[in-house]
There are 2 protein chains.
Amino acid sequence: MADTSESAQGDRVRQLEADARRSGMRITPHTTTIIQILDESTDHPTAEDIFERARERDPSISSASVYRILNKLEESDLVRRQRLDSDRFRYEIADECRHHLVDLDTGQVVGITDPEIDELKDKIAKRHGYEIVDFRLELFGRKTGGGS
Amino acid sequence: MADTSESAQGDRVRQLEADARRSGMRITPHTTTIIQILDESTDHPTAEDIFERARERDPSISSASVYRILNKLEESDLVRRQRLDSDRFRYEIADECRHHLVDLDTGQVVGITDPEIDELKDKIAKRHGYEIVDFRLELFGRKTGGGS
DNA sequence: TTAATTGCAAATGGTTTGCTTTTGC
DNA sequence: GCAAAAGCAAACCATTTGCAATTAA
């Protein structure tokens, strides 16, 4: 979650619901559940992860609904999906950072926000004569020093 | 191809065959065909692309063989595969650059080799306390100026 | 010789879709 | 009321795999 205070969490959920409604989605209980799970998750979950977490709160939800809701949220640019190391898509709220460091020992995915990344992007865009619409940096590695 | 002279091309094919043989592969006519196609391709082809190009030279080849040969070459670290924009893997010889700029209008994939990318990687690795084993930068954009 | 490779067809597995019923607004 | 969303099961489709026949070394 972007903010640790409870009200800010609720705010983000409410904001996302409002944005989703504005882009034509109906806010069903399932929709709210999925948005809440995304809001609470910091581990870049797969659709299956999200499905399992959603079932704990609402056992009637189907995986087809999870996929459909996630796709709608992505089409509305509220959620971003991308493949990291695995064959499955991982999902995260679109305002979160889009660059990742994957720990090869633990599978943990860490968001990267270093400002030099954008500077590099601008430099490359200029050099190659492109307007960059989207981009991502993916790193795979292991902890040094105290790490395993 | 990394070099434009014909002898250098043949050299790279021969080198890859030798490396493949050293890592336990048998060099069949299909293997040579796949390696030649990879050596000649600058467009980061998918397995299906490679299959089509291979069939023009040897109509008896099956897609299963293409996949198996590509997987063997990847296990030997002679070929790298990654997903860019599409659902399919794209393949390229491992000594080629691993960063890409995808033209959203044409689908063309351009290799990026700017040295600042490695500098940024080193900076981030140090900052986060990781040893980076692999990494990639993927950019999606459109040509500016004369572009559509 | 003999273990690796091949083609074919079937299996996999994450994601999507068709259909009918239910529901948000 | 009606278009959107739901569950279920079937369809998709890129990639993998089992098997029997072939082949590189």
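Below, read A as the first sequence line, B as the second, and so on, with proteins coming before strands; counting in each chain starts at 1.
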*asked:* Tell me the interatomic distance from I27(A), atom CD1, to dG24(C), atom P, rounded to whole angstroms.
replied: 12 Å
*Please report, rounded to the nearest Å, how far the P atom of dA6(D) is from the OH atom of Y67(A).*
16 Å
*Does T46(B) or T31(A) map to a spot on DNA chain D nearer the 5' end, using the closest nucleotide for each?*
T31(A)
*State which residues pass salt bridge (Lys or Arg N to Asp or Glu O under 4.0 Å) with R81(B); sequence neighbours excluded, sorted by chain then number.*
E74(B)
_Distance in angstrom units between K72(B) NZ and dA24(D) P, rounded_ = 15 Å
*side chain to side chain donor-acceptor pair (under 3.5 Å) between S60(A) and R55(A): does it pass, once the steps are laid out?*
CA-CA 7 Å; S60(A) 75; R55(A) 257 206 302 206; over 6 Å; no
*Hey, does the side chain of N71(B) come within less than 4.0 Å of dT16(D)'s phosphate (OP1/OP2), counting only N and O?*
yes
*Which whole-number value in Å describes the distance from L84(B) CG to dA14(D) C1'?*
16 Å
*Rounded to the nearest angstrom, tell me the gap between atom CZ in R90(B) and atom C1' in dA14(D).*
14 Å
*Rounded to the nearest Å, what distance is computed from the CE atom of residue M25(B) to the C1' atom of nucleotide dA3(C)?*
15 Å
*Can you tell me how far P of dT15(C) sits from CZ of R83(B), to the nearest Å?*
9 Å
Using a cut-off of under 3.5 Å, enumerate the N/O to N/O pairs linking the protein to nucleotides 19-23 of chain C.
{"unit_1": "dT23(C)", "atom_1": "O2", "unit_2": "R26(A)", "atom_2": "NH1", "d": "3.2"}

*Residues from residues 54-65 of chain B sitting under 4.0 Å of DNA chain D, heavy atoms only?*
A64(B)
*Can you find a heavy atom in the side chain of T32(A) that is under 4.5 Å from one in the side chain of E17(A)?*
yes
*Give the rounded distance in Å between these two atoms: CZ of F89(A) and P of dA14(D).*
13 Å
*Does OP1 or OP2 of dT23(D) have a side-chain N or O of H30(B) closer than 4.0 Å?*
no
